[in-house]
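Data first, discussion second: the structure below is written as structure tokens.
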Amino acid sequence: MKITFLGGTDSVGRSAILVESEGTKLILDYGVALNHIPGFPAHIPPKDIDGIILTHAHLDHTGAAPYFYVSRRIPLYLSSLTLEYTDLLLKDFLRLSGYYLPFETIEVENMISSARIMEPGMDFEIGDFNVRFLNSGHIPGSVQVILEDSSGLRLLYTGDINDIDTRLLKGADLDYGKIDVAIMEATYAGEEHPERAKLEKEFIEDVYNILDNNGKVLIPAFSVGRAHEILCILSAYNIEYPVYIDGMAVKAGEILLKHSSKLRDSGLFKKAWGMADWPSGWKDRKNILKKPCVIVSPAGMLKGGMAVFYMERLMGKHENGIFLVSYQIPGTPGDILLKTGKFMVKGKAKQVKAKVKHFDFSSHAGHSGLVRIIEKIGKDAQIFLMHGEPDKMVKLQNLVEEKGYRCMRADILKTYEVS
Ligand SMILES: [Zn+2]
Ligand SMILES: [Zn+2]
């Protein structure tokens, strides 16, 4: 088995891996780096590829995949939820960044129509490889992949992974069996998340503090996953004020409702969805802001979307709250807001008077979670780390090497031969 890392070895972005046996070439994820101008992984001629596996719908894992569908229709293997979310997110990506992309809607449609739906727990074959998907606990539809070649060598690719239960999803399935090679994400190497139950309590208390003082709370959140996790938390605590959801999170929630049986607690999601309302138009959006309420809306880093509309209307008053609930990529408006307390309105940086706070509701395993996953993979496996910052990955590598695990950082464009 040969493994070549095409991107994503030293940062979060453009995750892409080529895995080859004697007769079969597979691509595991083919994402973009989400900078102002999207960055792409290394190029592979589509004619050489036998299949593409997408672990989940985030653009850092899928955003470059339509490029393979300009001239050919390569079988695409993914879960049904990942298919629907990938379609939604790629079309939105084309709307926002189409000018920079080497494909158009037709290629996205060719890709979507090449899908072969596989769900966690199913075994299937692609050429020489036996393939199995396992739940990865990261976002709805996300999977880990196990590839087994004809000699019995078993490779695990975690994709993005979360080993703890959240309101929306069960933690990752770590029942791997024997693993010979593992490729794992390491976004939070060297960093721990706060304890979930404590974080939820603090969040709900802060939300009530704003609402009880006649304020409104804006929660900018990713449309896939995080927005619905937040709705579930608000619903689990029986919030007694109106809750609105807006932007693409509405469409993404309707998709999730169809697939609610795949969630950890479908009853909680249905209750949360029943509790939430969404504005029917611009007039309605202005009307809902007349009374205390919670608004959950993308974009999660305040980089466009309906969240900006609400931000501009709520930021000027002390009684309101702007609660960020995900990691803020350096340089994004959300990151700048946390660091400076300012937000750009019509090209001018303005001081935000509303209370701004960050809550770490991550969907990635924290440092001890990554260590637990490595312990499950075992000491016989060669482990490659990717999808993280180099200095943090080195910390994790050194720590587990001391305990006897074979762990290294993946190098870009180097081909590793494993047998
Ligand atoms: Zn992800
Ligand atoms: Zn990712």
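Counting convention: from 1, in listed order, for ligands and their atoms alike.
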inquiry  = Under a 3.5 Å cutoff, is there a donor and acceptor pairing between the side chains of Glu84 and His259?
reply    = yes
request  = Please identify each residue that fulfils salt bridge (charged side-chain N to carboxylate O under 4.0 Å, His left out) with Asp149, with sequence neighbours left out.
outcome  = none
inquiry  = With carbon and hydrogen excluded and only N/O/S kept, which atom of His387 is nearest the Zn ion (ligand 2)?
reply    = NE2
key: Atoms of the protein (N/O/S only) found under 2.8 Å from the Zn ion (ligand 1)   = His56 NE2, His58 ND1, His138 NE2, Asp160 OD2
task = Could you tell me which residues satisfy side chain to side chain contact (heavy atoms under 4.5 Å, CB included) with Leu413, sequence neighbours excluded, listed by chain and number?
result = Leu6, Ala42
Exercise answer: donor-acceptor pairs, residues 60-69 side-chain atoms, under 3.5 Å, sequence neighbours excluded:
| residue | atom | partner | partner atom | Å |
| --- | --- | --- | --- | --- |
| Asp60 | OD2 | His387 | NE2 | 3.0 |
| His61 | ND1 | Asp29 | OD2 | 2.8 |
| His61 | NE2 | Asp160 | OD1 | 3.2 |
| His61 | NE2 | Asp160 | OD2 | 3.0 |
| His61 | NE2 | His387 | NE2 | 3.3 |
| Thr62 | OG1 | Ala57 | O | 3.3 |
| Thr62 | OG1 | His58 | O | 3.2 |
| Tyr69 | OH | Ile74 | O | 2.7 |

ask   = Can you say whether the rings of Tyr416 and Phe5 are parallel (under 30°), tilted (30 to 60°) or perpendicular (over 60°)?
value = perpendicular
ask   = With no hydrogens and no angle check, do the side chains of His358 and Gln328 hold a donor and an acceptor under 3.5 Å apart?
value = no
